[in-house]
Amino acid sequence: MMMELVFAIEVLIAGLLSGVMYSLVALGFVLIFKASGVFNFAQGAMVLFAALTFVRILEMGVNFWLAIAISSVVMVVMAVVIERVMLRPLVGQPVIILFMATIGLNYFLEGLAQGIWDAEVHGLEIGIPDVPWEAVMESTGILISLFDVWSAVICGVLVFLLAFFFQKGRIGRALRAVADD
């Protein structure tokens, strides 16, 4: 009985920590929808492309911060090309057409990423160990991953910064104003 309770608590905590990370994904969907009026199904594929670009550049021996800069430039160029070539010509079309276009873009970007970088699994070591939180484990017997805790803390800080930007920042308030119908 006690082991089932400990397991249930572990699953509950892991789910809550994962939920914090999903909040960033949800914020991304909401920001894009509020800005464009279209639910963008290609958002995940764009993140995949950015992540694969970053990891593969790191594997080439490039410095961590330079790899971030290069990946950012690649994604900005890709976003501009997508907007100019695909989305701009569809302005004024029914929402379902834009909706379907983003689904097609999702498949295209997934294939492009795998075609350029390959479809193999690539690891990324970011310096946060994926080990149990010793203090909690010794005192309660509950296993909580330090990686999950750090990820949730970082995501929580990012959510707070985004909220602060859109609530208190001049540019953030202006973006909210123009996104409101």
Side-chain angles (χ1 to χ4, degrees), residues 11-58 67-122 124 126 147-148 150-181:
V11 171
L12 175 69
I13 292 171
L16 291 171
L17 293 173
S18 295
V20 174
M21 290 181 267
Y22 282 119
S23 69
L24 276 180
V25 174
L27 276 173
F29 280 117
V30 168
L31 287 173
I32 291 170
F33 182 79
K34 288 295 279 182
S36 67
V38 176
F39 190 79
N40 186 358
F41 276 101
Q43 178 184 344
M46 293 181 84
V47 172
L48 168 77
F49 194 94
L52 281 175
T53 301
F54 174 70
V55 168
R56 295 298 288 189
I57 290 172
L58 276 181
I68 287 177
I70 293 169
S71 299
S72 297
V73 168
V74 166
M75 293 313 296
V76 166
V77 168
M78 176 181 281
V80 169
V81 168
I82 289 170
E83 191 273 334
R84 300 291 163 121
V85 172
M86 188 186 127
L87 297 177
R88 186 171 283 189
L90 296 177
V91 169
Q93 297 295 321
V95 175
I96 190 67
I97 292 176
L98 292 167
F99 181 79
M100 295 304 291
T102 64
I103 291 175
L105 179 61
N106 178 63
Y107 288 116
F108 173 78
L109 290 177
E110 285 176 3
L112 181 66
Q114 292 176 12
I116 293 173
W117 299 121
D118 76 34
E120 300 298 318
V121 175
H122 297 273
L124 175 62
I126 59 173
F147 185 85
D148 289 347
W150 274 108
S151 297
V153 168
I154 291 167
C155 288
V157 168
L158 290 173
V159 167
F160 173 77
L161 290 173
L162 270 172
F164 183 81
F165 172 76
F166 282 105
Q167 293 293 324
K168 304 293 182 190
R170 184 173 176 244
I171 295 172
R173 287 194 321 257
L175 288 170
R176 282 182 35 221
V178 298
D180 223 0
D181 269 346

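Note that the numbering runs from 1 along the sequence shown for the chain.
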Anything under 3.5 Å between a donor and an acceptor, one on a side chain of residues 70-80, the other on a protein residue two or more places apart or in another chain? List them.
| residue | atom | partner | partner atom | Å |
| --- | --- | --- | --- | --- |
| S71 | OG | F54 | N | 3.3 |
| S71 | OG | A67 | O | 2.8 |
| S72 | OG | I68 | O | 2.8 |

Exercise. F99 vs F41 aromatic rings, parallel, tilted or perpendicular, using cut-offs 30° and 60°?
Worked result: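 Perpendicular: the ring planes of F99 and F41 meet at over 60°.
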
Quick check for you: to the nearest 0.5 Å, what is the distance between [X] atom [atom1] and [Y] atom [atom2]?
X    : Y    : atom1 : atom2 : answer
L58  : T53  : CG    : OG1   : 11.0 Å
F165 : R173 : CZ    : CZ    : 10.5 Å
M86  : L98  : CE    : CG    : 8.0 Å
Q43  : L31  : CD    : CG    : 9.0 Å
L162 : L27  : CG    : CG    : 6.0 Å

For this session: Could I get the full list of side-chain hydrogen bond (donor to acceptor under 3.5 Å, both in side chains) partners for E83, not counting sequence neighbours?
Result: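 Listed in chain order: R88.
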
For this session: Flag yes if more than 12 heavy atoms outside F29 fall under 6.0 Å of its CZ atom; otherwise flag no.
Result: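 Buried by this count: over 12 neighbours within 6.0 Å.
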
Problem set entry | Side chain proximity check, L48 to L109, heavy atoms < 4.5 angstrom |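 Not touching, per the 4.5 Å side-chain cut-off.
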
Problem set entry | Where W117 and R56 come nearest, the two heavy atoms and their spacing |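 So the minimum-distance heavy-atom pair works out to CE3-CB, 3.4 Å.
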
For this session: Heavy atoms only: give me the nearest A45-E110 pair and the separation to one decimal.
Result: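 Between these two residues, the closest heavy atoms are CB-CG, 4.0 Å.
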
Exercise. Just by distance, do the side chain of T102 and the backbone of N40 share a donor-acceptor pair under 3.5 Å?
Worked result: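 Checked: no pair found.
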
Name the atoms and distances for all side-chain donor-acceptor pairs under 3.5 Å in residues 19-26, with sequence neighbours left out.
| residue | atom | partner | partner atom | Å |
| --- | --- | --- | --- | --- |
| S23 | OG | V20 | O | 2.4 |

